[in-house]
**Q** 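One structure coming up, written as structure tokens, with questions to follow.
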Number of protein chains: 2
Amino acid sequence: MAASRRPISKDEPNRRAEILRAASRLFAEKGYAATTIRDIAKAVDMQSGSPFYHFKSKHDMLLAVVLEGIETISRAVSEAAAGGGTPRQVFEAMLLAHLEQLLADDGRHFAATLLHESKHLDAEAHAALVERKDRYEGLWQKALANLKRAGDIGDDSHVARLFLLGGLNWTVQWYRPDGVCSVPVIARQISSLLLKKAH
Amino acid sequence: MAASRRPISKDEPNRRAEILRAASRLFAEKGYAATTIRDIAKAVDMQSGSPFYHFKSKHDMLLAVVLEGIETISRAVSEAAAGGGTPRQVFEAMLLAHLEQLLADDGRHFAATLLHESKHLDAEAHAALVERKDRYEGLWQKALANLKRAGDIGDDSHVARLFLLGGLNWTVQWYRPDGVCSVPVIARQISSLLLKKAH
DNA sequence: CCTACCGATCGGTAGG
DNA sequence: CCTACCGATCGGTAGG
């Protein structure tokens, strides 16, 4: 019975997070520039001026979405990398972790915004993002070097790393949750395409 | 001496093409939604209402850019595929052709717009594009099947094709014309990453 | 292709 | 967090 349309208590500490989730979905689907504050407000059942109570500008919303995106992926892949095992096992765990963050229901709009809308950040925010991205890509460079040392891959150059991450990131464009391929299946196919057959 | 700012004759048959070139660059750099008709007009030294003498709407400009993008790439890769040779040679020629169109000075903004701004097309235009894209991807599916038959690759599944094209398309994000890697070098590294060593 | 303009929409704010 | 609003900008058009 009680409340009708806002079942949560007055001091909702997650109202800000709700706005970010809605914003990430709209930024991913329509693009940052084509998304209006009014779109976002409507998605969380607010009036058009109210999001500015939580964020000082639309640009700040984008920055928050993008940073949460890179942070979430970095954390997941770091943990996978720290799991231990052979270079091949580590690599496959990282592959799966990256794809899960990219394609999972909850995080995929954050990832898509990170990948496609970062160009709308101002210079300062963009620099902060590049720093985090470089750190993240370092994880992959290390994993590829270990694969190469173990003889599991022929090439661990920059081009190889960029091509790999590009192919992974592009899955956002074609993956459908209701499709035939599950995320683990995709991960396995990609790894077997790149790695030499186990002896 | 003669004319000052418009050195070309009155009946310039390429004025429309100039607008498209400017539009493709702006769409690629700032995104479709963030690009204004006034931006485009200024880039070709026109007044803000004048582009509408050549295109009936901003949407039509986007459609023209996107169609020229897919047409140019399709033609180049088709010709490479028709060049003949072993499956491996054909594949490497296609790889190089695709990358050249994607990264070359003249076509790269058309390609980038095609890859990242197609979501702003209306339903009808989008359907027309999907049809052409499917036809294009068919070229790659055939090439991968031939590679598989020849034993040059382990997997010719849909995932393999999508991963490959994704990795190629992502080069747009990181390739710099003034960087250390030339386009043929990139093509060769990618092909050696995917194909088994020649016996 | 330019001039002059319109209606709509947008990000953001004051004041409560 | 809502109400009411502002100044700026945008896509597009009429009329030449």
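First the proteins, then the strands, lettered A, B, ... as listed; each starts at 1.
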**Q** If you write DNA chain D from 5' to 3' in dot-bracket form, with Watson-Crick or G-U pairs under 3.5 Å, [ ] for crossing pairs and | for pairs with another strand, what do you get?
**A** ||||||||||||||||
**Q** If I take atom CD in residue B:Gln47 and atom P in nucleotide D:dG12, what distance separates them, rounded to the nearest angstrom?
**A** 18 Å
**Q** Does the salt bridge (charged side-chain N to carboxylate O under 4.0 Å, His left out) test come out yes or no for B:Asp152 and B:Arg88, once each step is laid out?
**A** CA-CA 7 Å; B:Asp152 286 322; B:Arg88 193 186 191 99; 3.3 Å; yes
**Q** Using side-chain heavy atoms (C-beta onward) and a distance below 4.5 Å, is B:Phe91 in contact with B:Asn146?
**A** no
**Q** Partners of A:Asp122 by salt bridge (Lys or Arg N to Asp or Glu O under 4.0 Å), sequence neighbours excluded?
**A** none
**Q** Give the table of side-chain donor-acceptor pairs shorter than 3.5 Å for residues 99-111 of chain B, with sequence neighbours excluded, one pair per line with atom names and distance.
**A**
from     : atom 1 : to       : atom 2 : distance (Å)
B:Asp105 : OD1    : B:Arg108 : NH1    : 3.3

**Q** Which class fits the ring pair B:Tyr32 and B:His120: parallel under 30°, tilted 30 to 60°, perpendicular over 60°?
**A** tilted
**Q** Please name the pair of heavy atoms, one in A:Gly85 and one in A:Gln89, separated by the smallest distance, quoted to 0.1 Å.
**A** CA-OE1, 3.3 Å
**Q** I want to verify a distance call: between C:dC1, D:dG12, D:dC2, whose nearest atom is closest to the A:Met46 side chain?
**A** D:dC2
**Q** Please list residues of residues 27-39 of chain A whose heavy atoms come under 4.0 Å from any atom in DNA chain C, ordered by number; otherwise none.
**A** A:Thr35, A:Thr36, A:Ile37, A:Arg38
**Q** Can you measure B:Met61 atom CE to D:dC10 atom C1' for me and round it to whole angstrom units?
**A** 13 Å
**Q** Which atom pairs link the protein and nucleotides 13-16 of chain D when you take only N or O atoms and keep those under 3.5 Å?
**A**
none

**Q** Among the candidates C:dG12, D:dC1, D:dG12, find the nucleotide nearest to the side-chain atoms of B:Lys58.
**A** D:dG12
**Q** Taking side chain to side chain donor-acceptor pair (under 3.5 Å) as the definition, give me every residue that meets it alongside A:Asp39, ordered by chain and number, with sequence neighbours left out.
**A** A:Lys30, A:Thr36
**Q** Within this structure, what is the NE2-to-C1' distance between B:His59 and D:dC10, rounded to whole angstrom?
**A** 17 Å
